[in-house]
There are 2 protein chains.
Amino acid sequence: MAAATRSPSHAQDHILAERKRREKLSQRFIALSSIVPGLKKMDKASVLGDAIKYVKHLQEKIKQLEEQTKKRTVESVVLVKRYHLPADDDSNSSSNDDDLPEIEARASERDVMIRIHCEKQPGVLAKVLTEVESLHLSIVNSSVMPFGNSTLDITIVAQVTN
Amino acid sequence: MAAATRSPSHAQDHILAERKRREKLSQRFIALSSIVPGLKKMDKASVLGDAIKYVKHLQEKIKQLEEQTKKRTVESVVLVKRYHLPADDDSNSSSNDDDLPEIEARASERDVMIRIHCEKQPGVLAKVLTEVESLHLSIVNSSVMPFGNSTLDITIVAQVTN
DNA sequence: AATAACACGTGAGGC
DNA sequence: TGCCTCACGTGTTAT
């Protein structure tokens, strides 16, 4: 319609409010540009554009990192689960050693020693012990040692049950 | 000064250019809001604000993930074969048909892990611990497990002292 | 009615 | 000088 803003005092309010709004936007633009690294142009369009690229880059990177760590833990769990006591000799002679979880087993008479070097994760000891006990083995001794920040070294001695 | 924009054709160009600029900005705002998850309010200030929070969040997450994966790298694994324990009268060149390592050492950051699989004999643990401590290492944890009738499995975690 | 958000045209200043 | 970017005041709309 024709005349929307009538009173001059209200008009001033409007101007002031709009000024405040612009101020807020400007501050956010500055804040955004300050956390986006490698900004060449500082104009608004470039800040937005580079921020968009940067966010996509960060998302991709996180995706990769999470995949990487997930693969590692999954691998270790799978290996632990799949591991069976050496019924046959074939186990490992020329195995390519991916440096992650290592399992070593020795037998002497009725004693069996199992040593596992793996990533620290909740429930791994219980899993291993359960697995071992399900293999006609009675656990005689066990030790868990933290090593570094994220690694566990588990040593178990068990005896074959009749 | 008084008259800045003189020609009306140039004035129209100005209007058009400014329109195009705003259009570009709007598109970027939409693009940004589309890659920032969990947006409640869609107004420009909120989009910017949430984008800022989100970027900071992503940066923090990446920092954590990178730290995590970095800590996981074991720097070195040294296998020492046929290592003789000190003060050993080796009259019989022994029957070590075991090809598994008798002594294994690995390091991660400041931590060092040493594992020894050897014959049970009095004082062997003390000897080993003394030996380790003489190498700028402070023992953090140790475990000795009997295995079979005459074998010991010793695991030690120590930290490098400055 | 009051508030908030937006797009617009316009003048000013920086290369 | 043109081209670009910005901030401003304003009208309009939706809540």
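In what follows, chains carry the letters A, B, and so on, assigned in the order in which the sequence lines appear, proteins first and then strands, with residues in each chain numbered from 1.
- Rounded to an integer number of Å, the gap from B/L16 CG to C/dG9 P is 9 Å.
- Annotation: the span from A/D153 atom CG to B/N141 atom CG amounts to 10.0 Å, rounded to 0.5 Å.
- A/I15 has its CD1 atom 18 Å from the P atom of C/dA5, to the nearest Å.
- A/S34 has its side chain out of reach of A/L39: every pair of non-hydrogen atoms, C-beta onward, lies at least 4.5 Å apart.
- The base of C/dG11 is paired with the side chain of B/H14 by a donor and an acceptor separated by under 3.5 Å.
- Side chain of B/S46 to main chain of B/M42: no donor-acceptor pair is present (N/O by atom type, distance under 3.5 Å, no hydrogens or angles).
- For residues 39-49 of chain B, proximity to DNA chain D is found at no residue, defined as any non-hydrogen atom under 4.0 angstrom from a strand atom.
- Between A/E23 and A/K20, none of the side-chain N atoms (NZ, or NE/NH1/NH2) sits under 4.0 Å from a carboxylate O, so this pair counts as no salt bridge.
- Considering only residues two or more places apart in sequence or on other chains, B/Y54 meets the ring-ring contact (aromatic ring centres under 6.0 Å, His included) condition with none of them.
- Within the 3.5 Å criterion, the main-chain N or O of A/L48 finds no donor-acceptor partner in the side chain of B/R28.
- For B/H10 and D/dT1, the NE2 to C1' distance is 11 Å, given to the nearest whole Å.
- Linking Ile, Leu, Val, Met, Phe, Trp and Tyr residues whenever their side-chain heavy atoms come within less than 4.5 Å places B/L32 and A/V47 in a single cluster.
- In this structure a side-chain-to-backbone donor-acceptor pair under 3.5 Å is missing from B/S138 to B/T161.
- Residues from residues 17-34 of chain B with heavy atoms under 4.0 angstrom of DNA chain D, sorted by number: B/E18, B/R21.
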